[in-house]
Q: 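This structure is in structure tokens; I'll ask about it shortly.
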Amino acid sequence: MAINRTSSHGEWSSRTAFILAATGSAVGLGNIWKFPYITGENGGGAFVLIYILCVIFIGIPIMLAEVYLGKRGRLNPIASIKYISEKENRSRNWQVIGLIGILAGILILSYYAVIAGWTMAYSVRTAFGTLNNIDAVGAATMFENLISDPERLLAWHTIFMIITTVVVARGVKSGLESAVVRLMPALLVLLLALVIFSSIEGKFYDGLRFMLYPDFSQVTWKTVLIAMGQAFFSLSLGMGALMVYGSYLSSDISIPQTCVIIALLDTIVALLAGLAIFPIVLSSGLEMTQGPGLIFQTLTVAFATMPGGQLFGTLFFILLIFAAWTSSISLIEPMIIWLIEKYNITRIRAATIAATFAWLIGIGTILSFNIGAEIKIFNMTIFELLDYLTSNILLPMGGIMITIFVGWLVAKENIDVELEIKSNILRFIWYFSARIIAPIAVIFVMLNALGLNLNIFS
Ligand code: PHE
């Protein structure tokens, strides 16, 4: 029985450690950089509401399924699924889920590290006062200057990748766990401080209203699909990150409760990020629809013009580095344990190989902002292509296979043993979501990603 298997890579020292680590994976650039800007682009309240519904009805069921696979398999994503499919007398081909996940993780990390590098650059600039008194035009120029300088981007990208590698090379117990146990609470405190700052200095009521008042007149299926894709990315679903973290979970810990807590924390951080950012954007008379440059351009203007902005700006960017860092650790971990188990190499060596791989691909992203901007594949720059391939194809594909595999192909008794959902109603909701709602919803994301417009509303 799966219950007695343990991971050869060690286990979390406590349930709290797992929750912190998984939350560290979930909370990242997706919450603090992406959530505010796509909420801004998609009209605010209605988008936030749909996002939350997606987290509840799609995200949580898939998360349960993914953590379940890891906790039962106790190996790297490929081997875990192979092991479970053998036990369940199912085709071993399902292990392709693990392969897609490992690939997706490395591809996401390759550009994630570049954006995290921007954050590092901005934290240094803010700390040294370079951004003091800057205006909107100056901020735009400064951002342009940064992204158009491949050498500087490469330097930051490299530094970020080295930090990630050093932590993961030290292993789960001494590296990952001690890092996140300290970082996650600090991150929450900093974010709360920023919200308080924002409520004093910014147009807090207007920001709150923008985020919470749902105006459905702008909502299309596309909005729903974007919200769902964001739920996927933000909860770190569909690529084996939570499967790996689940494999370090000791057998006495309840999966459903833990997953609900993680999803809740992730959503709270995204909402807090919005609460911190929107009031400042509004009080500075800046644009909600700024796009990916929102925090790098708009917010620096806001910080520059506000009293205490240098300190809070610095703290904000440092917070974002921490968040990106704990996410990147989980992006690289599936490949690392796969390398260790498959090729029997040391953790340090596996971490170095995986990071080098991601680092090399990341150069493509760096160049796509400057000298390689003209290189287009399917009409996309290398960065856009990587983002498209991972967010719109690989993660949803992984997610749908995970939910179908667990929902339909694993024997119910075996799931019930691990999940231990006592209430009949909750068990029904779980099976209904995992078998029906989540797979169908994810198919919509996939079709959207393929460019098919499902205009059911019109
Ligand atoms: N969830 C992370 C974020 O919001 C990104 C991520 C995606 C991490 C997939 C791991 C796996 O930034």
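Each ligand, and each atom within it, is numbered from 1 in the order the structure gives.
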Q: Any idea which atoms of ligand 1 are less than 4.0 Å away from a heavy-atom of Leu331?
A: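 Taking each heavy atom of Leu331 in turn, ligand 1 has 8 (C), 9 (C), 10 (C), 11 (C) under 4.0 Å.
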Q: Under a 4.0 Å threshold between the charged nitrogen and the carboxylate oxygen, would Glu66 count as salt-bridged to Lys71?
A: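 Not counted as a salt bridge, because no side-chain N and carboxylate O are separated by less than 4.0 Å.
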Q: Could you check atom 12 (O) of ligand 1 against the protein and tell me its nearest heavy-atom contact, residue, atom and distance included?
A: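 Checked against all protein heavy atoms, atom 12 (O) of ligand 1 sits closest to Tyr112 OH, 2.4 Å.
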Q: Is there a polar contact between ligand 1 and Leu395, counting only N or O atoms under 3.5 Å apart?
A: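 No: no nitrogen or oxygen of Leu395 is under 3.5 Å from one in ligand 1.
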Q: Before signing off on this row, confirm whether Asn31 and ligand 1 have an N or O atom pair separated by under 3.5 Å.
A: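 Yes, there is a polar N/O contact under 3.5 Å.
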Q: Closest by any non-hydrogen atom to atom 3 (C) of ligand 1: pick that one out of Ala104, Gly24, Ser236, Ala26.
A: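 The residue whose heavy atom sits nearest atom 3 (C) of ligand 1 is Ala26.
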Q: Could you verify whether a donor N or O on one side chain and an acceptor N or O on the other, from Ser236 and Ser25, lie under 3.5 Å apart?
A: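 There is such a pair between these side chains.
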Q: Going by the order shown, which atoms of ligand 1 are within less than 4.0 Å of some heavy atom of Leu29?
A: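 Here the atoms of ligand 1 in question are 12 (O).
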Q: Just by distance, no angles: are the side chains of Tyr51 and Thr39 close enough, under 3.5 Å, to form a donor-acceptor pair?
A: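 No, no side-chain donor-acceptor contact under 3.5 Å.
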Q: Taking only heavy atoms of Phe233, which atoms of ligand 1 are found under 4.0 Å from at least one of them?
A: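 Per the distance check, 1 (N), 2 (C), 3 (C), 4 (O), 5 (C), 6 (C), 7 (C), 12 (O).
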Q: Within ligand 1, which atoms have a heavy atom of Ser25 less than 4.0 Å away?
A: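 With Ser25 as reference, the close atoms of ligand 1 come out as 1 (N), 2 (C), 8 (C), 10 (C).
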Q: Knowing that exactly one of Trp156, Phe160, Phe369 qualifies, which makes a ring-ring contact (aromatic ring centres under 6.0 Å, His included) with Trp118?
A: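 When ring-ring contact (aromatic ring centres under 6.0 Å, His included) is applied between Trp118 and each of Trp156, Phe160, Phe369, only Phe369 qualifies.
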Q: May I have the step-by-step check of side-chain contact (heavy atoms from CB on, under 4.5 Å) for Met401 and Ile100, ending in yes or no?
A: CA-CA 10 Å; Met401 288 198 281; Ile100 291 175; 3.2 Å; yes
Q: Just jot down the ligand 1 atoms closer than 4.0 angstrom to any heavy atom of Ser330, in number order.
A: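 Checking each atom against Ser330, I get 10 (C).
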Q: I'd like to know if Phe35 contacts ligand 1, where contact means a heavy-atom distance under 4.0 Å to any ligand atom.
A: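 Phe35 does not count as a contact of ligand 1 under the 4.0 Å cut-off.
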Q: Would you mind listing which atoms of ligand 1 come within a distance below 4.0 Å of any non-hydrogen atom of Gly30?
A: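 Atoms satisfying the 4.0 Å criterion: 3 (C), 4 (O), 12 (O).
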Q: How does Met239 reach ligand 1, if at all, at less than 4.0 Å between non-hydrogen atoms: by side chain, backbone, both, or neither?
A: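 The side chain, only.
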Q: Please work out which of the three classes, parallel, tilted or perpendicular, describes the rings of Phe210 and Phe278, given edges at 30° and 60°.
A: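 Phe278 vs Phe210 ring planes: perpendicular.
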Q: Are any of the N/O atoms in Val27 less than 3.5 Å from those in ligand 1?
A: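 N/O-N/O distance under 3.5 Å: no.
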Q: Near Ser234, which atoms of ligand 1 are under 4.0 Å from a heavy atom of that residue?
A: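 Within the 4.0 Å cut-off of Ser234, ligand 1 contributes 1 (N), 4 (O).
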Q: Can you confirm whether the side chains of Ser234 and Asp266 place a donor and an acceptor under 3.5 Å from each other?
A: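 Result is yes, a qualifying pair exists.
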Q: Hey, what's the ring geometry for Trp94 with Phe405, parallel, tilted or perpendicular (30° and 60° as the breaks)?
A: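 Geometry flag for Phe405 against Trp94: tilted rings.
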Q: Tyr122 and ring-ring contact (aromatic ring centres under 6.0 Å, His included): which single residue from Trp33, Phe316, Phe317 fits?
A: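 Single pass found, and it is Phe317.
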